[in-house]
Every structure is written in structure tokens, then in C-alpha cells.
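In what follows, a single structure is set out as C-alpha cells and then discussed.
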Amino acid sequence: MSTPMANRNTAAYYFQAVASFFVSAGATVVGIAYLPVNAWERAFLGLGLLYTITSAITLSKVMRDKQEESQLIGRVDRARLDKLITEHDPYKDVA
């Protein structure tokens, strides 16, 4: 039985993802800070940014959990099938 290789992220990939997140969030915060609007509008945009960030993090976690669940179910189903195949004796007398 062959098992698929697990997808492992490199340290560089992890760093790039984290850096990209902080650069984009920081640039948006700076952009909001320098907008020529009053404080209430700036606060509203800031809260919108925070809501977007938390929603993106939650969505990525939910998608990861769903993928892990499907992989676990697939492994359990494969183990059951392997057990049935190994226990099956085609020469066993049915009667």
C-alpha cells in the first residue's frame, strides 16, 4: 500500500506568507491613517479591516479542518477495505 507524501511547507514559504500578511495589513493601516477623513470614518474602516482579517483567518482554519477530516475519513475507509480484503478467502466453502 503506497501512502501519498505529506505536503510540508518550507521555512521560506512560511516566512513569505507571514511577511505578505503583515505587509498588506500594515499598508492598509497606513492608508487608512492618512486618509483625509474624520476619525469616525477612519475608525469604521479600521474595524472593517480587523473584521476582514479575522474572517480570513477563520475561513482558512475551517478549510484546513475540513481537509484534515476528509483525509482521516479516507484513511479509516482504506483501513477497513484493507482488512476486508485480507480476511476474504475466495476458496472458503460458502455452505
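Positions are given from 1 along the sequence. Everything numeric here is computed off the predicted structure, so don't read it as measured data.
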Could you list the cluster mates of V62? Members are the ILVMFWY residues connected by side-chain heavy atoms closer than 4.5 Å, either directly or through other members.
none
Check which hydrophobic residues are tied to M63 through side-chain heavy-atom contacts below 4.5 Å, counting indirect links as well, and list them.
L59
Listing, residues 16-37 side-chain donor-acceptor contacts under 3.5 Å, not counting sequence neighbours, or none:
unit_1: S24; atom_1: OG; unit_2: S20; atom_2: O; d: 3.1
unit_1: S24; atom_1: OG; unit_2: F21; atom_2: O; d: 3.0
unit_1: T28; atom_1: OG1; unit_2: S24; atom_2: O; d: 2.8

Just jot down the side chain to side chain contact (heavy atoms under 4.5 Å, CB included) partners of T10, sequence neighbours excluded, or say none.
A12, Y13
What residues, two or more places apart in sequence or in another chain, satisfy side chain to side chain contact (heavy atoms under 4.5 Å, CB included) together with L81?
R78, I85
Counting only heavy atoms not in R80, do more than 12 fall under 6.0 Å of its CZ?
no
Straight-line distance of L49 CG to T54 OG1, nearest 0.5 Å:
9.5 Å
To the nearest 0.5 angstrom, please state how far the CD1 atom of I53 sits from the OG1 atom of T58.
11.5 Å
Under the side chain to side chain donor-acceptor pair (under 3.5 Å) test, residues paired with D65 that sit two or more places apart:
K61
Write out all pairs satisfying salt bridge (Lys or Arg N to Asp or Glu O under 4.0 Å) with one or both partners inside residues 19-33, taking only residues at least two apart or from two chains.
none
